[in-house]
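Each remark here refers to the structure printed beneath this line.
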There are 2 protein chains.
Amino acid sequence: MSRDFPSRSGGAAIGARLRRLSDRIDREADGLYSAFGIDFEQRWFGVMNQLALNKAMSVSDLATALGVTHVAVSQTRAALIARKLISTADDPGDARRRVLTLSAQGRKLVKELGLLWEALNDAAREVDREAGGVAVALARLEAALDKRSLAARVRMKLDAPAKQRAPASRI
Amino acid sequence: MSRDFPSRSGGAAIGARLRRLSDRIDREADGLYSAFGIDFEQRWFGVMNQLALNKAMSVSDLATALGVTHVAVSQTRAALIARKLISTADDPGDARRRVLTLSAQGRKLVKELGLLWEALNDAAREVDREAGGVAVALARLEAALDKRSLAARVRMKLDAPAKQRAPASRI
DNA sequence: CGAATTAGCGTAAGCTCTTACGTACATGTC
DNA sequence: GACATGTACGTAAGAGCTTACGCTAATTCG
């Protein structure tokens, strides 16, 4: 909570806001799977999608592709193995690596989900357009922070004695 | 993980992305507090800020203002009471309610944090401008989803037999 | 060639929210 | 006045990530 960036719009914390947004989207997707009688969870999407696109991937490759830690991928790996949707094998070229692939059952499910995923994607694009490009804005936000971190910007502002600051206005 | 909305930019899941962004911002702010020798956590900001602005507020008022559940506020309340930054009292007009206020120590800390918060806010606005208005885009995203949910949009797309769809393109 | 360093991955525990539930209180209805 | 319903809030437990750690394997360096 209390993550403000920047904190306007009624002072709603952006962190909680972002999380609520993503939770909402996931919940709606989960609801669609249920409505279509498909035993699937949106949080598996990334791994299943990547394996459908790339045949076989390691835990660390998936982590990089999905932008999460290898631990999160490992946790999803365990859930998908339990449901027999993927399988793993040792990498003959590197004993440290595990190669994940879709099982026959997993491929079948991905095929089944194809139309729904396509429609989800179309709907997501539509909403993003209406919102004026959230994804692009987020990419720019990441780039801006990479260029100069928030902490560095704050330090610059605190070290600028000549500049006259507006009166304090917390939000 | 695997939350795609929409899923491009290397397929990074927007959910994880949003969370990483907010975690990053919080961590940078926490780092600044440490650098200035101030025992404070960015996650308390919302509650402390609201109490500084509004004198006294109930748990549910804070929850509404901050856009989180009352449970999250209650959890923060406990942490801030443990650190003697706020205090609570019964509401004479409604025995169900607890009124939270800044303690003397809390007011002193808020005063101490004033300049840093202001600089943080300026930096946040600056980054938001460079990113092309993330907060505004997020507000529009919420509004678009309120207008028509993602699930409703998906259903419309699946129920559109006349429209010819492009070949399946998972991302 | 052996030691040091880096890489891959699984497990445990923590973070910061959430939902579910229960208790107490306030309000509305008959 | 009694009962039903709604509200406020605290606690327990869960979600979905994270960090920390440890083990094994591969690579680098002297």
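Here the structure is a predicted model, which means the values were calculated and not measured.
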Taking for each residue the nucleotide of DNA chain D with the nearest heavy atom, is it B:Asp61 or B:Gln75 whose nucleotide lies nearer the 5' end? B:Asp61
From CZ of A:Arg27 over to P of D:dA15, roughly how many Å is that when rounded to an integer? 13 Å
Rounded off to whole Å, could you give me the CD-to-C1' distance for the B:Glu41 and C:dC15 pair? 10 Å
So that I can tick it off, tell me whether B:Arg97 and B:Asp61 are bridged by a salt bridge, with the cut-off set at under 4.0 angstrom between side-chain N and carboxylate O. yes
Under the side-chain contact (heavy atoms from CB on, under 4.5 Å) rule, collect the residues that match up with A:Ala56, sequence neighbours excluded. A:Val99, A:Thr101
Matching residue for B:Arg83 among B:Ile86, B:Ile81, B:Leu85 - test: side chain to side chain contact (heavy atoms under 4.5 Å, CB included): B:Leu85
For A:Tyr33, what residues pass the ring-ring contact (aromatic ring centres under 6.0 Å, His included) criterion, not counting sequence neighbours? A:Phe40
Contacting residues from residues 78-91 of chain B, given that a heavy atom lies under 4.0 angstrom of DNA chain C: none
Ignoring backbone atoms, establish whether B:Ser58 has a side-chain N or O less than 4.0 Å from OP1 or OP2 of D:dA8. no
Between B:Arg98 and D:dC9, is there a side-chain N or O to OP1/OP2 distance below 4.0 Å? no
Residues which pass side-chain contact (heavy atoms from CB on, under 4.5 Å) with B:Asp90, listed by chain and number, not counting sequence neighbours: B:Arg98
In chain order, what residues pass the salt bridge (charged side-chain N to carboxylate O under 4.0 Å, His left out) check against A:Asp146, with sequence neighbours excluded? B:Arg24
The side chain of B:Arg97 is closest to which nucleotide in this list: D:dA12, D:dA8, C:dC9? D:dA8
List for me each residue that meets side chain to side chain donor-acceptor pair (under 3.5 Å) alongside A:Thr69, sequence neighbours excluded, and say none if there are none. none
Should B:Arg77 be listed as having a side-chain N or O under 4.0 Å from OP1 or OP2 of D:dG10? yes
Residues which pass salt bridge (charged side-chain N to carboxylate O under 4.0 Å, His left out) with A:Glu126, listed by chain and number, not counting sequence neighbours: B:Arg153, B:Lys157
Please tell me which of A:Ser60 and B:Asp30 maps to the more 5' nucleotide of DNA chain C, matching each residue to the nucleotide holding its nearest heavy atom. A:Ser60
Show, in sequence, the C-alpha distance, side-chain angles and deciding distance for B:Phe36 and B:Leu113, and conclude whether the side chain to side chain contact (heavy atoms under 4.5 Å, CB included) test is met. CA-CA 10 Å; B:Phe36 284 82; B:Leu113 288 165; over 6 Å; no
If the condition is side-chain contact (heavy atoms from CB on, under 4.5 Å), which residues does B:Ala151 pass it with, not counting sequence neighbours? A:Glu28, A:Leu32, B:Ser149, B:Arg155
A:Thr69 side chain N/O closer than 4.0 Å to the phosphate oxygens (OP1, OP2) of D:dT19? no
Grab the stems for DNA chain D, please: at least three consecutive Watson-Crick or wobble pairs, both distances below 3.5 Å, written as range with range. C:1-30 with D:1-30
B:Thr76 side-chain N/O to C:dT16 phosphate OP1/OP2 under 4.0 Å: no
Distances for protein N/O vs nucleotides 26-28 of chain D N/O pairs under 3.5 angstrom?
{"from": "D:dA26", "atom 1": "OP1", "to": "A:Ala95", "atom 2": "N", "distance (Å)": "3.3"}
{"from": "D:dA26", "atom 1": "O4'", "to": "A:Arg96", "atom 2": "NE", "distance (Å)": "3.4"}
{"from": "D:dA26", "atom 1": "O4'", "to": "A:Arg96", "atom 2": "NH2", "distance (Å)": "3.3"}

Quick one: list whatever passes side-chain contact (heavy atoms from CB on, under 4.5 Å) with A:Arg27, sequence neighbours left out. A:Asp23
Using a heavy-atom cut-off of under 4.0 Å over every strand shown, decide if A:Val59 touches base, sugar-phosphate, or nothing. sugar-phosphate
Contacts satisfying salt bridge (charged side-chain N to carboxylate O under 4.0 Å, His left out) that involve residues 72-81 of chain A (not counting sequence neighbours) are none
Which of the following nucleotides, C:dC9, C:dA12, C:dT18, is nearest to the side chain of A:His70? C:dC9
Would you mind reading off the distance between B:Leu66 atom CG and D:dC9 atom C1', rounded to a whole angstrom? 16 Å
